[in-house]
Amino acid sequence: LLALGLLAACAPSEPAFKSTDITGADYGKNFALTDHHGQPRTLADFKGKVVVQTDWPAALETVSDQVAAAGRKLATALARLAPADFRFTQVRLDDLPLYNQDDDGQQAASVLRLKGEIKAAQGLLFVTPEYNRSIPGVLKNAIDHASRPYGQSAWAGKPAGVIGASVGAIGTAMAQQHLRNVLAYLDVPTLGQPEGFIHAKEGLFDADGGIGEASREFLQGWVNQYV
């Protein structure tokens, strides 16, 4: 199965993989967050606007990056709840050029790679954040690329699950509805129930990167319906 938007593809085969992603919660525990005066701050102080300086090699991370990391961790944790004969592959989207219809006749290598990964998958798992009450531009760009040229869409007929995590209480509900509208046009049947609007807060993940106890029963049920 492919995990998108993370875009992830899944097919029965090998056990799910492990992840070493760092989440927003990890930053608060393991790194010193400071403002430009060097004063200690929490993630809430930055409100998604300011960069966070750490002693981690990446040097600068935005709060948006940390939300994306939570999404990657959710995708990985969901894969661990699937049967052992399912294999999930997280698909890269950030190397795709901006979609331009003029390029349909000669698609970039990264676009052809993406389309090949989608076609090879037996199913799709979209794990999306929410930006301004919709899906990220990077995800929409990938969807557009893989649907073109007209009549050569890689999406048609691929069953999909749609889920997402957000630090906001509505848990990507609007983004998921927008995504479902797009997927319906592309002939991608999606799991309707249960819906998974996940609030990314402390306790969502356990110390091993799996789903925490409070959310495990619900998300195990979601995965059971998905597979």
Side-chain angles (χ1 to χ4, degrees), residues 1-10 16-29 43-44 47-48 62-83 86 88-91 93 123-140 142-143 159-183 188 190-227:
L1 295 176
L2 278 185
L4 297 128
L6 291 169
L7 170 59
C10 168
F17 55 83
K18 296 181 179 180
S19 171
T20 58
D21 286 328
I22 297 172
T23 69
D26 292 323
Y27 281 87
K29 295 177 181 177
L43 287 179
K47 298 180 180 176
T62 66
V63 174
S64 177
D65 290 332
Q66 296 162 24
V67 171
R72 287 192 295 272
K73 194 166 185 178
L74 175 60
T76 301
L78 290 174
R80 291 168 60 177
L81 297 178
F86 272 64
F88 288 75
T89 302
Q90 293 190 12
V91 177
L93 305 181
L124 307 169
L125 172 60
F126 289 85
V127 184
T128 181
E130 180 172 302
Y131 298 157
N132 298 319
R133 296 294 188 264
S134 190
I135 61 176
V138 171
L139 176 55
K140 183 57 165 63
I143 292 172
V162 176
I163 197 168
S166 170
V167 294
I170 64 173
T172 72
M174 290 297 293
Q176 290 188 44
Q177 290 306 312
H178 282 195
L179 179 55
R180 289 177 187 275
N181 288 344
V182 175
L183 296 178
V188 176
T190 58
L191 174 67
Q193 294 292 334
E195 296 174 307
F197 309 135
I198 310 304
H199 189 187
K201 59 182 180 179
E202 186 174 358
L204 176 59
F205 304 109
D206 61 24
D208 296 324
I211 300 299
E213 183 177 357
S215 301
R216 191 176 302 129
E217 181 178 357
F218 170 77
L219 286 173
Q220 182 66 69
W222 189 94
V223 170
N224 291 347
Q225 286 294 105
Y226 169 70
V227 301

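We're numbering straight along the sequence, starting at 1.
- Among Asp206, Val223, Leu74, the one residue that satisfies the side chain to side chain contact (heavy atoms under 4.5 Å, CB included) test with Ile211 is Leu74.
- With sequence neighbours left out, Ala200 forms a side-chain contact (heavy atoms from CB on, under 4.5 Å) with Ala165, Leu204.
- The main-chain N or O of Gly164 is never found under 3.5 Å from a side-chain atom of Glu130 such that the two would form a donor-acceptor pair.
- Remark: Leu191 engages Trp222, Gln225, Tyr226 in a side-chain contact (heavy atoms from CB on, under 4.5 Å) (not counting sequence neighbours).
- Side-chain atoms of Phe218 and Ile198, non-hydrogen and from C-beta on, do get closer than 4.5 Å to each other.
- Residue pairs meeting the salt bridge (Lys or Arg N to Asp or Glu O under 4.0 Å) criterion with at least one partner in residues 173-183, sequence neighbours excluded, do not occur; the list is empty.
- Shortest non-hydrogen contact noted between Gln177 and Phe197 is NE2-CZ, 4.4 Å.
- Residues Val188 and Val182 form no side-chain contact, since every pair of their non-hydrogen atoms from C-beta on lies 4.5 Å or further apart.
- Shown here is Arg133, whose CZ atom has no more than 12 heavy atoms of other residues, nucleotides or ligands within 6.0 Å.
- Judged purely by atom type and a 3.5 angstrom limit, His199 uses its side chain to pair as donor or acceptor with the backbone of Val167.
- Here the closest non-hydrogen pair linking Ile135 and Lys140 is CD1-CB, 4.0 Å.
- Using a 4.5 Å cut-off on side-chain heavy atoms (C-beta onward), Arg80 and Asp208 make contact.
- Considering only heavy atoms from C-beta on, Ile163 comes within 4.5 Å of Leu219 through its side chain.
- Residues Pro83 and Val227 have side chains in contact (heavy-atom distance under 4.5 Å, counting atoms from C-beta outward).
- Each salt bridge (Lys or Arg N to Asp or Glu O under 4.0 Å) pair with one or both residues in residues 162-174, not counting sequence neighbours, would appear here, but there are none.
- Nearest approach of Gly209 to Phe205, heavy atoms of both residues: O-CD2, 4.1 Å.
- Contact of the Gln176 side chain with the Thr190 side chain is not registered, since no non-hydrogen atoms from C-beta on lie closer than 4.5 Å.
- Looking only at side-chain heavy atoms (C-beta outward), Leu78 and Phe88 stay at 4.5 Å or farther from each other.
- Counting heavy-atom neighbours within 6.0 Å of Asn181 CG, excluding the residue itself, gives a total above 12.
- Of all heavy-atom pairs spanning His178 and Ser134, the tightest one is ND1-OG, 2.9 Å.
- With sequence neighbours left out, the side-chain contact (heavy atoms from CB on, under 4.5 Å) criterion links Val138 to Leu93.
- Residue Thr172 comes nearest to Ser166 through the heavy atom pair CG2-CB, 3.6 Å, listed as atom of the first residue, atom of the second, then distance.
- The CZ atom of Phe86 sits 11.5 Å away from the CG atom of Leu125 when rounded to the nearest 0.5 Å.
- Asn224 pairs by the side chain to side chain donor-acceptor pair (under 3.5 Å) definition with Gln220, not counting sequence neighbours.
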